[in-house]
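Since the structure comes first, as structure tokens, the remarks are kept for the end.
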Amino acid sequence: MEKNYLSRVVLIVLAVVLVLLGLYWLPTWSVGDWTMRKVDLLADIRSDSAVNELLLRDSIASKTLLENDSNARLAHSDSSQNLHILEGSRLTRDKHGNLVTLEDSIINAKAEVTEKRSGVTSIIDMSNGAAGGMTAFYNALAQAQNRPVRIAVLGDSFIEGDILTGRLRELLQQRFGGEGVGFLPMTSITADFRRSVKQSFGGWTQHKAVDRNGYALTFNNITGNYFTAGPGAWVSAKGLSTPYPHAASCTSSSFYFVNGTGSGYATAVVNGTDTTIFSLQSQSGLIGHAIVRGASINSVRWTVSNPGSMVFLGTSMDCDHGVIVDNLSLRSSRGSHLSKIQAGMMSAFNQVRHYDLVIIMYGLNVAGKQNSEFTAYCNTLISAINNIKSNMPGTSVLMVGCSDREERTASGWHTMKGVLGLIQAQKRVAINCDVAFWDLYEAMGGEGSIVNMVRNGEANSDYTHINHKGGDRIARYLYDALILGFENR
């Protein structure tokens, strides 16, 4: 007679379920800037109030990165509110008695004394005039008629293809002068998508900071890319006048490489006729650059001969005065490579291409659907910004909060919980580093804004990425915020 094992199966299933339920109470742990997601078997049926009560309870014991939170007050009675508490944050009350995180309390207090204008989300400068704040950039803008003012926009796929930065560059160049599209990597997967420049290339091997293998930290730099060259490797760029008239031409083009990694020659052909040959050896400094100038450079083609083991960074189409905006997008990046750039490389890049403003716009590859804690990621960004401030003196830093990213639920479209937690983390980074913060989520319109943009043909149906039309809109928001700060400096 066969034995009946049904009871054993039931016991095993019950034991597994109990273990999975118990995993919820285990603390999350991190490796570098990667954080394990909390296991929650009941996530789909747990009410927000229950989740927030547990998060609130955990937040009491968590260690904050902020030092000036001695007056923070915690209140269990308010745990039923739809709060998204970030580990490391402490709860306090604002002047109206509302329960808020300490980060929001500090940002809001600073915002109250920041110049406001109807329809503009102001930049909140947390520096109190110290290095890294917006003052250096605003002072540089005031001198834009006499020298180039460079802005680097660092981000992920949200800005690739010159989305957002194309319009931002045009608006700033209309106001302050300037020409050209700025820095270009030797190759780009979105070259055909750009509307500001026609870029072609051949013979290069790209090494990206997001690659698991084959990326040498020795050559890690602010662009997140470096390139090795095959025989006859070349790159060409031609400015386009539609829809950005100031991108059509420039007055100089540079070719950047790591000095001391080999020998060779670079040939520049300007506007299809004027040819100049440069020796790529024995230049002073860690990063070398060849440069050609002209009254009106519409196109330039750089070709490398005898590259050997040389390492290359990119080329550019620049101006001698006015504003230059570099789109330094890196698909799938979280910005972690910025914290790993060696001081010598960061300083060397600053010497050949100093930025008056660095705008940090990462987030889509960090935020997710679940409530998360971002302590490890905070530490990475803090290290990155401190690296910039230490090795790029005179550079302003603007931390831009994560954009709206939504998911459909039983009750309709809602912002992913991880987005709100990440914005809290980004505020904390700005506060700790004494730099500026701009709330893109608020500027877009908060919850539901990306849904409206999809309906208006301004964003993709993934409810995450914007297109050129949406980029134009957000560029205007950021431009207005920069101008408001400049005019009230």
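Checked by atom type and distance alone, the side chain of Asp156 pairs as donor or acceptor with a backbone atom of Phe158 at under 3.5 Å. Using modelled atom types, one side-chain atom of Asn221 and one backbone atom of Phe219 make a donor-acceptor pair closer than 3.5 Å. Using modelled atom types, one side-chain atom of Ser390 and one backbone atom of Asn386 make a donor-acceptor pair closer than 3.5 Å. One N or O on the side chain of Gln426 and one on the backbone of Cys402 form a donor-acceptor pair closer than 3.5 Å. Put simply, the side chain of Gln173 never gets that close to the backbone of Gly322: no donor and acceptor are under 3.5 Å apart. The backbone N or O of Ser316 lies less than 3.5 Å from a partner atom in the side chain of Ser253, making a donor-acceptor pair. Side chain of Thr273 to main chain of Val269: no donor-acceptor pair is present (N/O by atom type, distance under 3.5 Å, no hydrogens or angles). Tyr479 contributes no side-chain N or O that, together with a main-chain N or O of Ile474, makes up a donor-acceptor pair within less than 3.5 Å. For the pair Arg147 (side chain) and Ala144 (backbone), a donor-acceptor distance under 3.5 Å is absent. Remark: side-chain polar atoms of Ser396 are paired, donor with acceptor, to backbone N or O of Gly133 under 3.5 angstrom.
Side chains of His246 and Glu170: a donor on one and an acceptor on the other come within 3.5 Å. Side-chain contact annotation: Ser332 with Asn365, donor-acceptor N/O pair under 3.5 Å absent. If you check the side chains of Asn387 and Asn391, you find a donor sitting under 3.5 Å from an acceptor. Inspection of the Glu179 and Ser249 side chains reveals an N or O donor paired with an N or O acceptor under 3.5 Å. Side-chain atoms of Ser127 and Asp125 form a donor-acceptor pair, as typed in the model, at a separation below 3.5 Å. Side chains of Asn220 and Gln342: no donor on one and acceptor on the other come within 3.5 Å. Side-chain contact of Asn271 with Lys238: a donor-acceptor pair under 3.5 Å is absent, judged by distance alone. Judged purely by distance below 3.5 Å, without hydrogens or angles, the side chains of Ser336 and Tyr362 never pair a donor atom with an acceptor atom.
The neighbour count for Asp211 CG, taken as heavy atoms of other residues, nucleotides or ligands under 6.0 Å away, is above 12.
Leu217 contributes atom CG, which lies 6.5 Å from atom NZ of Lys340 (distance to the nearest 0.5 angstrom). Here the CD1-OG distance, from Ile163 to Ser196, works out to 11.0 Å after rounding to the nearest 0.5 Å. For the atom pair CD1 (Ile341) and OG (Ser383), the distance works out to 10.0 Å, reported to the nearest 0.5 Å. Rounding to the nearest 0.5 Å gives a distance of 13.0 Å between OH of Tyr463 and CE of Met453. Atom CD1 of Ile382 is separated from atom SG of Cys433 by 5.0 Å, given to the nearest 0.5 angstrom. Taking OG1 of Thr395 as the start and CZ of Phe137 as the end, the distance is 11.5 Å to the nearest 0.5 Å.
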Review point. Passes side-chain contact (heavy atoms from CB on, under 4.5 Å), Ile107 versus Ile431? Steps please.
Key: CA-CA 8 Å; Ile107 290 285; Ile431 293 168; 4.1 Å; yes
Practice item. Take Tyr215 and His207 through the ring-ring contact (aromatic ring centres under 6.0 Å, His included) test and state the conclusion after the steps. Key: CA-CA 6 Å; Tyr215 187 80; His207 305 271; 7.7 Å; no
Check your understanding: Going through the checks in order, is the side-chain contact (heavy atoms from CB on, under 4.5 Å) test met by Ile324 and Met317?
Key -> CA-CA 9 Å; Ile324 299 168; Met317 299 185 75; over 6 Å; no
Exercise for review: Could you go through the side-chain contact (heavy atoms from CB on, under 4.5 Å) check for Leu313 and Ile287 one step at a time?
Suggested key: CA-CA 9 Å; Leu313 302 181; Ile287 296 179; 3.9 Å; yes
Check your understanding: side-chain hydrogen bond (donor to acceptor under 3.5 Å, both in side chains) between Asp404 and Thr415: does it pass, once the steps are laid out?
Key -> CA-CA 6 Å; Asp404 185 33; Thr415 299; 2.8 Å; yes
Check your understanding: Going through the distances and angles, do Asn327 and Glu160 end up as a side-chain contact (heavy atoms from CB on, under 4.5 Å)?
Key -> CA-CA 7 Å; Asn327 180 304; Glu160 68 181 9; 5.6 Å; no
Point to revise | Asp104/Lys427 under salt bridge (Lys or Arg N to Asp or Glu O under 4.0 Å): CA gap, chis, key distance, verdict | key: CA-CA 8 Å; Asp104 278 331; Lys427 290 177 179 178; 2.4 Å; yes
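No side-chain heavy atom of Asn128 sits under 4.5 Å from any side-chain heavy atom of Asp434. Taking the side chain as every heavy atom from C-beta outward, Val311 and Phe257 never approach each other to under 4.5 Å. By the 4.5 Å heavy-atom criterion applied to side chains, Val210 and Leu330 are counted as neighbours. Looking at heavy atoms from C-beta onward, Trp438 lies in side-chain contact with Leu440 at the 4.5 angstrom threshold.
Note on Arg293 versus Asp320: salt bridge recorded, some NZ/NE/NH1/NH2 to OD/OE distance being below 4.0 Å. Between Arg405 and Glu447 there is no salt bridge, since no side-chain N of the basic residue sits under 4.0 Å from a carboxylate O of the acidic one. A salt bridge is defined here as a Lys NZ or Arg NE, NH1 or NH2 lying under 4.0 Å from an Asp or Glu carboxylate O, and Asp326 with Arg353 meets this definition. Comment: Arg169 engages Asp162 in a salt bridge, judged by a side-chain N to carboxylate O separation of less than 4.0 angstrom.
Take Arg473 and apply the salt bridge (Lys or Arg N to Asp or Glu O under 4.0 Å) test, not counting sequence neighbours, and it matches Glu458. Under the side chain to side chain contact (heavy atoms under 4.5 Å, CB included) criterion, Ile277 pairs with Tyr265, Thr267, not counting sequence neighbours.
Legend: ring pair (Phe, Tyr, Trp, His ring centres under 6.0 Å) pairs involving residues 298-332, not counting sequence neighbours, sorted by first then second residue: Trp204-Phe312, Phe255-Trp302, Phe255-Phe312, Phe278-Trp302.
Ring pair Phe349/Tyr256 is parallel by interplanar angle, where below 30° counts as parallel and above 60° as perpendicular.
When Asp462, Ile450, Val419 are each tested for a side-chain contact (heavy atoms from CB on, under 4.5 Å) with Glu406, only one passes: Ile450.
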